[in-house]
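For reference, the structure discussed in these notes is given below.
Basis for what follows: all heavy atoms, side chains included, without hydrogens, waters or symmetry-related copies. Chain identifiers are assigned alphabetically (A, B, ...) following the order of the sequence lines, protein sequences preceding nucleic acid strands; residue numbering begins at 1 within each chain.
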Amino acid sequence: MATKKKTAQQDDASQDAAATGEQTPRFVEDIADKDDDFARWYQDVVYKAEMADESPVRGCMIIKPYGYALWEAIQRGMDDRIKATGHENLYFPLFIPMSFLQKEAEHVEGFAPELAVVTIGGGEELTEALAVRPTSETIIGHTYAKWVQSYRDLPLLYNQWANVVRWEKRTRPFLRTSEFLWQEGHTVHRTEAEAETETRMILSDVYTDFVEKELAIPVIQGRKSPTEKFAGALRSYSMEAMMGDGKALQAGTSHNLGQNFARAFDIQFLDADGTRKLAWTTSWGTSTRLIGAAIMVHGDASGLRMPPRVAPTQVIIVPIWRKEEERALVADAVAAVERDLRAAGLRVKSDWRDQTPGFKFNDWELRGVPLRLEIGPKDVSKDQAVLVRRDNRTKEFVPRADLAARAQTLLAEIQQGMYDAALAFRKARTYTAATFDELAARMADRP
RNA sequence: CGGGGUGUAGCGCAGCCUGGUAGCGCACCAGUAUGGGGUACUGGUGGUCGGAGGUUCAAAUCCUCUCACCCCGACCA
């Protein structure tokens with residue numbers, strides 16, 4: 001039945017191709033139509049490209065190697081910027097005493113409904129229940145109170161990479177899961193102005209800079225409305241990006257917590273003028289949701305499209321051969337090319353699976369690898385390779401000696417092209433972007 | 001929490017109305033030919049039909065209970 005359907009579709013596609021003079025038809029029946037059912041398209045792509053797998057625990061997900069490799073690239077890019085702006089990494093425990101969460105009224109009200117709570121340890125009822133952290137302001141506030149004594153101790157500029165748990169009612173892989181990975185920065189400052197500067201600096205110099213340059217996602221920075229702000233914050237800022245379905249997604253938040261948590265946890269310091277003062281704190285976070293954002297912004301009918309700068313694999317080499325002698329010949333050429341590209345700093349892989357080339361082409365397009373190199377007997381004899389772009393399928397024959405340089409040029413072009421396309425898409429959709437206009441208006445008070 | 005729906009092989013499904021001991025596609029394994037855009041043919045592996053109880057000579061199928069998941073709504077990051 002499915003075979004019939006496949007054949008029928010292929011025939012249709014062939015006719016279309018013949019009629020319009022386009023290139024080869026594609027098989028996309030296993031991915032839902034992006035324009036018709038975006039939510040299903042998203043799920044299909046996530047699972048078929050092996051970014052993630054379903055979890056036996058409701059609302060959670062298993063991040064597969066390909067998805068995790070992207071997360072590692074995000075971590076690297078984000079971590080570099082966090083450190084470049086003067087922060088250090090540390091780590092706080094997963095468990096938080098329930099009483100901590102109750103110390104900040106607005107905070108507990110906001111997070112209580114979605115807490116996972118541990119009441120038994122080692123077979124015995126605990127004297128105090130422990131919350132699995134939904135976010136770490138409270139346990140960190142408690143600790144910072146001990147670390148801060150003098151104005152000379154300030155500022156504290158720390159960040160942690162961790163997992164958090166929020167018992168969400170409706171979940172979607174990467175976008176909203178009961179457990180997710182993130183970084184959360186927590187800083188303490190001497191003055192309100194300094195805390196505000198930090199809050200906004202993180203949003204622009206760390207978050208926006210990374211997401212726009214590395215993930216090729218244009219964002220709009222703005223301030224969250226009072227109802228949308230972080231539970232317990234004075235002011236919350238966020239960067240919002242437009243997804244492929246025309247909807248906005250919060251891609252990162254930065255909160256000026258004012259003195260709310262300092263008050264709740266007694267973070268005080270003796271200032272230069274000899275008086276005790278409450279400190280000013282901030283917190284900010286980005287999560288594995290960024291993976292979902294990248295998928296939704298850049299993906300197309302064929303599947304994922306990885307921004308070259310973070311792509312786990314930037315160039316995939318598909319060897320082509322018929323007979324064993326050819327295979328050996330091609331293998332040598334592939335190994336040599338792989339060496340060249342690696343030496344040039346490119347992330348490259350070759351695919352020697354026993355599948356037809358066509359199968360591999362589609363498979364790697366589904367996974368979104370930006371560049372493909374085809375190397376067959378004909379290429380070996382001419383000391384060249386066929387270089388193909390994932391985005392527009394442009395093919396070119398490139399002499400072996402020029403491959404690395406040409407690939408680098410194309411990757412840069414593709415990266416820029418992805419950003420430009422996403423920006424153009426957003427601008428063309430202003431009619432659905434009331435939220436963006438609102439955000440843009442709020443941007444007036446940006447530094 | 002209210003309304004609707006679905007549980008049969010790793011995935012997607014048929015079979016149920018009208019009981020007779022489980023089937024199709026994909027995937028997987030083997031072989032042959034193939035290989036520059038999802039390759040074809042042949043053979044094969046794999047399921048106590050969500051769970052419990054009942055009716056019956058006989059239950060995936062009928063009855064009762066139960067569990068889980070999905071969609072819509074409500075609630076909420």
Side-chain angles (χ1 to χ4, degrees), chain A residues 1-11 13-14 17 22-32 37 39-40 43-44 47-48 50 53-59 106-107 109-115 134-135 164-172 175-180 182 224-225 227-233 236 238 240 248-253 255 285 287 289 302-303 316-324 326-327 330 351-367 372-382 384-388 390 393 395 397:
Chain A
M1 197 174 98
T3 309
K4 242 190 210 162
K5 194 170 145 199
K6 200 175 191 176
T7 310
Q9 190 168 339
Q10 184 180 27
D11 290 342
S14 300
E22 280 175 12
Q23 18 172 303
T24 331
R26 282 176 292 114
F27 288 74
V28 289
E29 67 167 38
D30 39 20
I31 305 177
D37 189 347
R40 247 195 67 205
Q43 298 237 11
D44 286 349
Y47 294 130
K48 297 220 158 95
E50 297 191 272
D53 201 353
E54 287 166 327
S55 148
V57 179
R58 195 191 146 279
E106 219 178 278
H107 190 68
E109 193 189 328
F111 283 101
E114 50 187 53
L115 282 183
T135 178
V164 288
V165 170
R166 298 178 185 179
W167 219 258
E168 302 288 355
K169 291 209 164 40
R170 293 181 77 164
T171 59
R172 292 176 73 194
L175 298 173
R176 176 178 285 123
T177 46
S178 297
E179 179 194 10
F180 56 92
W182 77 344
K224 304 292 279 187
S225 66
T227 53
E228 282 184 314
K229 78 176 172 63
F230 178 75
S236 286
S238 79
E240 309 270 339
L249 180 79
Q250 178 180 299
T253 49
H255 316 290
S287 70
R289 175 181 277 186
S302 301
I316 183 69
I317 303 178
V318 177
I320 290 154
W321 78 92
R322 292 167 191 249
K323 296 164 187 165
E324 275 310 308
E326 286 177 344
R327 185 191 158 114
V330 169
D351 183 355
W352 286 97
R353 285 178 298 174
D354 188 19
Q355 298 280 3
T356 59
F359 176 91
K360 294 177 187 176
F361 296 166
N362 285 285
D363 195 43
W364 291 107
E365 279 173 13
L366 169 65
R367 289 175 159 74
R372 176 176 80 239
L373 268 178
E374 302 170 22
I375 302 180
K378 294 177 210 163
D379 306 303
V380 175
S381 64
K382 292 184 200 162
Q384 63 172 26
V386 182
L387 188 56
V388 187
R390 158 70 173 81
R393 295 196 177 180
K395 280 186 189 187
F397 297 91

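For B:G2, the paired base is B:C72 (Watson-Crick or G-U wobble, both distances below 3.5 Å). Nucleotide B:A14 is matched to nothing when pairs are restricted to Watson-Crick or G-U wobble geometry with both distances under 3.5 angstrom. The pairing partner recorded for B:U32 is B:A40, the criterion being a Watson-Crick or G-U wobble arrangement whose two distances lie under 3.5 angstrom. Base pairing of B:U56 is not made with any nucleotide, judged by Watson-Crick or G-U wobble geometry with both donor-acceptor distances under 3.5 Å. Remark: B:A27 base-pairs with no nucleotide in the shown strands. Criterion, Watson-Crick or G-U wobble with two distances under 3.5 Å. Judged by Watson-Crick or G-U wobble contacts below 3.5 Å, the nucleotide B:G46 has no partner. Applying the Watson-Crick and G-U wobble criteria (two distances, each under 3.5 Å), B:C65 pairs with B:G51. Here B:A77 sits opposite no nucleotide as a Watson-Crick or G-U wobble pair (both hydrogen-bonding atom distances under 3.5 Å).
Looking at the side chain of A:Pro377, the nearest of the listed nucleotides B:G37, B:G35, B:G36 is B:G36. In this structure, of B:U39, B:G36, B:A77, it is B:G36 that holds the atom nearest to the side chain of A:Glu374. Side-chain proximity of A:Thr356 to the nucleotides B:A77, B:G36, B:G37 is greatest for B:G36. Considering only side-chain atoms of A:Ile320, the nucleotide from B:U39, B:A77, B:G35 that sits closest is B:G35. Residue A:Glu168 places its side chain closer to B:A77 than to any other of B:G35, B:A77, B:U39.
Note on A:Glu114: only backbone sugar-phosphate atoms sit closer than 4.0 angstrom, heavy atoms only; bases stay farther off. Among the protein residues, A:Asp44 comes within range of no part of the nucleic acid, since none of its heavy atoms lies under 4.0 Å from any strand. Nucleic acid contact class of A:Phe111 (heavy atoms, under 4.0 Å, all strands): sugar-phosphate only. If you check every strand for non-hydrogen atoms under 4.0 Å, A:Arg289 touches nothing. Residue A:Val386 is in base contact, counting any heavy-atom pair closer than 4.0 Å across all strands shown. Residue contacts for A:Arg322: at a heavy-atom cut-off of 4.0 Å it reaches a base atom on one of the strands shown. When heavy atoms are screened at a 4.0 angstrom cut-off, A:Pro357 is found touching the sugar-phosphate backbone but no base atom.
Across B:C16 and B:U6, the matching P atoms stand 15 Å from one another, rounded to whole Å. Taking atom P in both B:G4 and B:A77, the straight-line distance is 29 Å, to the nearest Å. Between B:C29 and B:A68, the distance separating the two C1' atoms is 33 Å to the nearest Å. Here the separation of B:A22 from B:A9, taken at their P atoms, is 15 Å to the nearest Å. Look at the C1' atom in both B:G19 and B:A27: the space between them is 33 Å, to the nearest Å. Here the separation of B:A60 from B:C49, taken at their P atoms, is 6 Å to the nearest Å. Taking atom C1' in both B:U66 and B:C71, one finds a spacing of 22 Å when rounded to whole Å. Spacing of P atoms, B:G51 relative to B:G43, comes out at 33 Å, to the nearest Å.
Residues A:Arg353 and A:Phe359 are in side-chain contact: their nearest non-hydrogen atoms beyond the backbone lie under 4.5 Å apart. The shortest distance between side-chain heavy atoms of A:Ser302 and A:Asn362 does not fall below 4.5 Å. Looking only at side-chain heavy atoms (C-beta outward), A:Glu365 and A:Arg372 come within less than 4.5 Å of each other. Looking at A:Trp364 and A:Asp351, their side chains come closer than 4.5 Å, going by heavy atoms from C-beta outward. Under the 4.5 Å side-chain criterion, counting only non-hydrogen atoms from C-beta, A:Arg166 is in contact with A:Thr135. Side-chain contact between A:Trp352 and A:Arg327 is present, with heavy atoms from C-beta onward closer than 4.5 Å.
Residue-to-nucleotide proximity on RNA chain B shows that, of A:Arg166 and A:Lys378, the 5′-proximal contact is made by A:Lys378. Of the two residues near RNA chain B, A:Lys323 and A:Leu366, the one whose nearest nucleotide lies more 5' is A:Lys323.
For the pair A:Phe361 CZ and B:U39 P, the interatomic distance rounds to 11 Å; values are reported in whole Å. Computed from coordinates, the A:Asp354 CG to B:U39 P distance equals 11 Å when rounded to whole Å. Distance CD (A:Glu106) to C1' (B:A77): 14 Å, rounded to an integer number of Å. Rounded to whole angstrom, the span from the NZ atom of A:Lys224 across to the P atom of B:A77 amounts to 11 Å. Atom-to-atom, CH2 of A:Trp182 to C1' of B:A77 comes out at 11 Å; the value is rounded to the nearest Å. Rounded to whole Å, atom P of B:G35 lies 10 Å from atom CD of A:Glu326. Rounded to a whole Å, the CZ atom of A:Arg40 is 13 Å from the P atom of B:C71. The distance between atom CZ of A:Arg327 and atom C1' of B:G35, rounded to the nearest whole Å, is 12 Å.
Remark: A:Arg289 is not positioned above the aromatic ring of A:Phe180, lacking an NZ or CZ atom under 6.0 angstrom from the ring centre and at most 45 degrees off the axis.
Counting atom types as modelled, A:Gln355 pairs no side-chain N or O with a base atom of B:G35 as donor and acceptor under 3.5 Å.
Considering CG of A:Asp379 and CG of A:Leu387, their distance stands at 11.0 Å, rounded to 0.5 Å.
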